[in-house]
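Beneath this line is the structure, given in C-alpha cells, with notes to follow.
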2 protein chains.
Amino acid sequence: MKHVTIKDVARKLKCSVSTVSRAFNDKYDIRKETRDQILATAKEMGYSPNPIAKSLLKQCSNQIGVVVPEFINSFFPEVIIGIQEVFLKKGYQVLIMQSGESTNTELENIKTLEKNMVDGMIVSLSLETKNVDYFKNLINSGFPLVLFNRVSNELDTSKVVIDDYKWAFFATEHLIYQGFRNIFHFAGPGGLMFTQNRRNGFVDAHRKHKLPISENSIMEAGLLMSDGERVMEKLIAMHNIPDAIFAVNDPTAIGAMKALKKHGFKIPDDVALVGFTESKLAPLIDPPLTSVAQPTHEIGTTAARLLLDRIESKGIFVPQTVVLNGRLNVRESSMKLR
Amino acid sequence: MKHVTIKDVARKLKCSVSTVSRAFNDKYDIRKETRDQILATAKEMGYSPNPIAKSLLKQCSNQIGVVVPEFINSFFPEVIIGIQEVFLKKGYQVLIMQSGESTNTELENIKTLEKNMVDGMIVSLSLETKNVDYFKNLINSGFPLVLFNRVSNELDTSKVVIDDYKWAFFATEHLIYQGFRNIFHFAGPGGLMFTQNRRNGFVDAHRKHKLPISENSIMEAGLLMSDGERVMEKLIAMHNIPDAIFAVNDPTAIGAMKALKKHGFKIPDDVALVGFTESKLAPLIDPPLTSVAQPTHEIGTTAARLLLDRIESKGIFVPQTVVLNGRLNVRESSMKLR
DNA sequence: AACGTTTTCGGTAACGTTTCCGGAGAAAAA
DNA sequence: TTTTTCTCCGGAAACGTTACCGAAAACGTT
C-alpha cells in the first residue's frame, strides 16, 4: 500500500536514518550486528531503497537507455538481448525506446532518457535522421553514447558496426562467381552510412572483375519489404529484368522475391537474390535466401561493454570503433543451376 | 554540461522558484506577462523540469511499464507499438522490459518498474510463471495492472485476450472440413491459460464432428521452433505420422514443418499444418502457413486504454476482460489436394 | 589516570521539484 | 477614506535518499 521508507525503518529501530542508510551502503562505519539487525527488519518490513530519490541525489540512475528505430524485425531485439545481458549483470536496468524511424520521436526519446538521468545511451539512428547536432552537443557535454549499425561519421563517439563495404563486396562477388552478369543493386536510403558502403562494395566487386555496371542497375529502394516489392514491380513493368539482385537488406530482398514469384519468375533460375543482415526469415522462406549475417548478439554485448567502459572511466577516454565480422550464408536463392 | 535547474532560472530573473514553477504548471495565480517572460528565458536557458524530482514529490512518474516475455517474434513488438501509440499521445513515456520467459527476471523487472514509480503496468506473463502472489499483492494494493495474451485467471484485473478456445475450434474444424481425420495437436506448456483453451477447442471440434481423438494425439510441445522440431522428430522416429497437425503457435508449426521437410515429407500432401498467432513468417515460408491471426496492434491499444482508464479513474473501477476477434488465414499448408 | 585513537552513530544539508500558506499591493466596495 | 476582496508572488516544507561533519563511546597506550 504505502511505500515503506528509510524513515519508517529508522523509527522502528529507534536509530537514525543515516544509520539505516549506512547499513545498506557503507562497508565500514557501522557495527556488524547493527547492520545485520537493520537489514533483517528492513527486509521484514518490506523496505527497499527508492531509486528515484537516489537518482535525484546522485545525479545518476544506474539505468542506461537504448533507442532503436524499430523492433518488428528480429535484428534490433537480438542486439538488445546482448545489451541487456551485459548490463543486468552489472546491476543496471535497461530502458528501451523505439523511434519508429522518425527523427522527432528519436529526439523525444533521447530527451526523456536524458531527463531520467540514464548513465549512458546506446542508439541506432533512425532512417530519417540527417541532423545530428543534438547528438553532437550530448557528446561534447561528456555524455556517454555508443552508436551501432546506423551510425554517423559526423559523431565522434564509440561505434559498433560490421564492415558493410567488405561484405557487400563478397556478396556481389559471390553472384559474379556463380556466373551472373546482369546484377542489380537495391540500395537503401541515401542518408545512411551503410547504404553508401554497401553500394560501394557492390560497385567495386564489379570493378575488380572488370565487369561493366549496366545503366540504372543501382536502384534506390528503401529498407522495407514494400520497398523491394515496389521497385521490383516497376522493373517487371518495364521488362527490365536482371539475372541477379543484391539487396541492401533482407526485407527488400524478400519483397522483390514476392513480386517476382507473383509474376511467375523462378528463383534462382530466372533471377537470383542475395540479402543482407540475416533475419529470422532468410532460411525459412522459399527458396531460402542467401544473406550476409551480422553477429547481432555480439553487437549488443560489444556496444554494452564499450558504454560500460566509458561510464566507469572517470578520466580520459578515446572513442573506439569496433568492426565485427559478418558472414555470408549461401543458400538456394543465389545458386546457379547448370 | 550542467543541468540548468529551476533555481538558475529564478536567479536570472530575480524571482522565486515557486514563481517559475507556477509559470510551468499553474493556470492562475500568475500574471500573464510574468509567465511569458519566464517561459521565454527558461527556453532560452535550455531549462526543462526534472522529471525525477517531480516523481519523487508527486509519487508518480507519468511513465508506464511494459513487461513481455520476449521480442524476437513480431507478436509482442507489434502489441507494444499499439501501446506506445496510445500513451505517447497522452504524454506518458513507455518503459519496456523483457523477462526472457523467466519468472525471476520478470519479478525483477516488475520491481524495478515499481520503484521507478511507473503509474501502471501492462504485462504478459512469462512461460515459467506459476506463482502469481506478487501480482496479487500488487493488485490488492491498488496498483493499476493490465494483462494481455498470457493471462492468469487467478488475477482479478483487466485483461485483453482473444477467444483462444473459439479459434482453436475453428482451426481444427477447418482441418476436419478439409477431410483430415488423424489430426494431432502440438500443445503449449501446461501453466498457460491459452494452452488449455486451445487444447479444449481442438478436443471439442472433434467432439462436435463425432470424431475420435486417437491416443497420444495431443503432445505437449512448447512454444519455440525447436520444440516443434523436437516433437516432430520424435514422431517421425516412431513412424507415427499424423495427416494433419494443429500447433499451439506458429514457431512450433514451423519447427514441425522443418523436421518434416528434412525427412522428405510433402506439405500439405503428406502432412497438413495449421499454426496460431500469425507471425511475420507465416505467409512467407514454403508452403505458406495457415494460421490464426491476432489483432496485435489492437491488443496493444486496447490494453493501453484499459490501463489509462484505470489510472485516471480515481474512484471505483471494475476489472474488465476484453475479448478481441481473431481470424483464420487459410493458406497452402492446410489445403487438401484431391 | 590522563590522553590519543578508533569505532560507531546522529544531525543536517542537499538533490530539483511542487504546494500550501500567508503577505503585499492593487482594485473594488463600503 | 476605510475596509474588503482579489491578484500575484515569496518562503518554506516536503518527497526519500546519501554524504559530510562532528560527537560519544569504546579501546589502547603511557
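Lettering of chains follows the sequences in order, A, B, ..., and the numbering in each one begins at 1.
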(message) Let me spell it out: for each of B/Ser18 and A/Arg31, pick the nucleotide of DNA chain C with the closest heavy atom. Which residue's pick is nearer the 5' end?
(response) A/Arg31
(message) Name the residue from A/Asn109, A/Ile110, A/Val123 that meets the side-chain contact (heavy atoms from CB on, under 4.5 Å) definition with A/Met97.
(response) A/Asn109
(message) Applying a 4.0 Å non-hydrogen cut-off, can you work out what A/Thr34 is touching in the nucleic acid: base, sugar-phosphate, or nothing?
(response) sugar-phosphate
(message) When you measure from the side-chain N and O atoms of B/Gln59 to the phosphate of D/dG16, is any distance below 4.0 Å, counting only OP1 and OP2?
(response) yes
(request) Please step through side-chain contact (heavy atoms from CB on, under 4.5 Å) for the pair A/Phe148 and A/Thr302, ending with a clear verdict. (result) CA-CA 10 Å; A/Phe148 74 94; A/Thr302 313; over 6 Å; no
(request) Could you verify whether a donor N or O on one side chain and an acceptor N or O on the other, from A/Thr112 and B/Gln93, lie under 3.5 Å apart? (result) yes
(message) Under a 3.5 Å cut-off for both contacts, is D/dT30 paired Watson-Crick or G-U wobble with anything, and if yes, with which nucleotide?
(response) C/dA1
(message) If I take atom CD1 in residue A/Ile38 and atom C1' in nucleotide D/dT18, what distance separates them, rounded to the nearest angstrom?
(response) 15 Å
(request) Please tell me which of the listed nucleotides, D/dC15, C/dG16, D/dG10, lies nearest to the side chain of B/Lys7? (result) C/dG16
(message) Taking only side-chain N and O atoms of B/Thr5, does any of them lie within less than 4.0 angstrom of OP1 or OP2 on C/dG16?
(response) no
(message) Strictly below 4.0 Å, N to O, side chains only: are B/Asp36 and B/Lys32 in salt-bridge contact?
(response) yes
(request) Give one of base, sugar-phosphate or nothing for B/Asn50, where a contact means two heavy atoms less than 4.0 Å apart. (result) sugar-phosphate
(message) Rounding to an integer number of Å, can you tell me how far A/Leu13 CG sits from C/dC9 C1'?
(response) 13 Å
(request) Could you tell me the separation between the NZ atom of A/Lys58 and the C1' atom of C/dA14, rounded to a whole number of Å? (result) 14 Å
(request) Choose from D/dC9, D/dT18, D/dT17 the nucleotide whose nearest atom is closest to any side-chain atom of A/Ala53. (result) D/dT17
(request) Let me know the distance between NZ of B/Lys115 and C1' of D/dT17, rounded to the nearest Å. (result) 13 Å
(request) Give the nucleotide from the list D/dT17, D/dA14, C/dC15 with an atom nearest to the side chain of B/Leu57. (result) D/dA14
(message) Surrounding NZ of A/Lys12 (heavy atoms of other residues, nucleotides or ligands, distance under 6.0 Å), is the total greater than 12?
(response) no
(message) OP1 or OP2 of D/dT7 versus the side-chain N and O atoms of B/Lys32: is any pair under 4.0 Å?
(response) no
(message) Does this structure show an ion pair linking A/Arg305 with A/Glu312, if we count only N-O contacts that are shorter than 4.0 Å?
(response) no
(request) With the side chain of A/Asn25 defined as its heavy atoms from C-beta on, choose the nearest nucleotide among C/dG16, D/dG10, D/dT18. (result) D/dT18
(message) Whole angstroms only, please: what is the CZ-P distance between A/Arg11 and D/dT17?
(response) 12 Å
(message) Over all strands shown, is B/Tyr47 touching base, sugar-phosphate only, or nothing at heavy-atom distances under 4.0 angstrom?
(response) sugar-phosphate
(request) Send over the distance from B/Arg22 CZ to D/dG10 P, rounded to a whole Å. (result) 8 Å
(message) For a quick test of reading the model: is some side-chain N or O of A/Lys54 closer than 4.0 Å to OP1 or OP2 of C/dC15?
(response) no
(request) Take the protein atom CG of B/Asp26 and the nucleotide atom P of D/dG10, then report the distance between them rounded to whole Å. (result) 13 Å
(message) Could you tell me how far apart B/Ile52 (CD1) and D/dT17 (P) are, to the nearest whole angstrom?
(response) 14 Å
(request) For D/dT18, take OP1 and OP2 only and decide whether either is under 4.0 Å from a side-chain N or O of A/Ser21. (result) yes
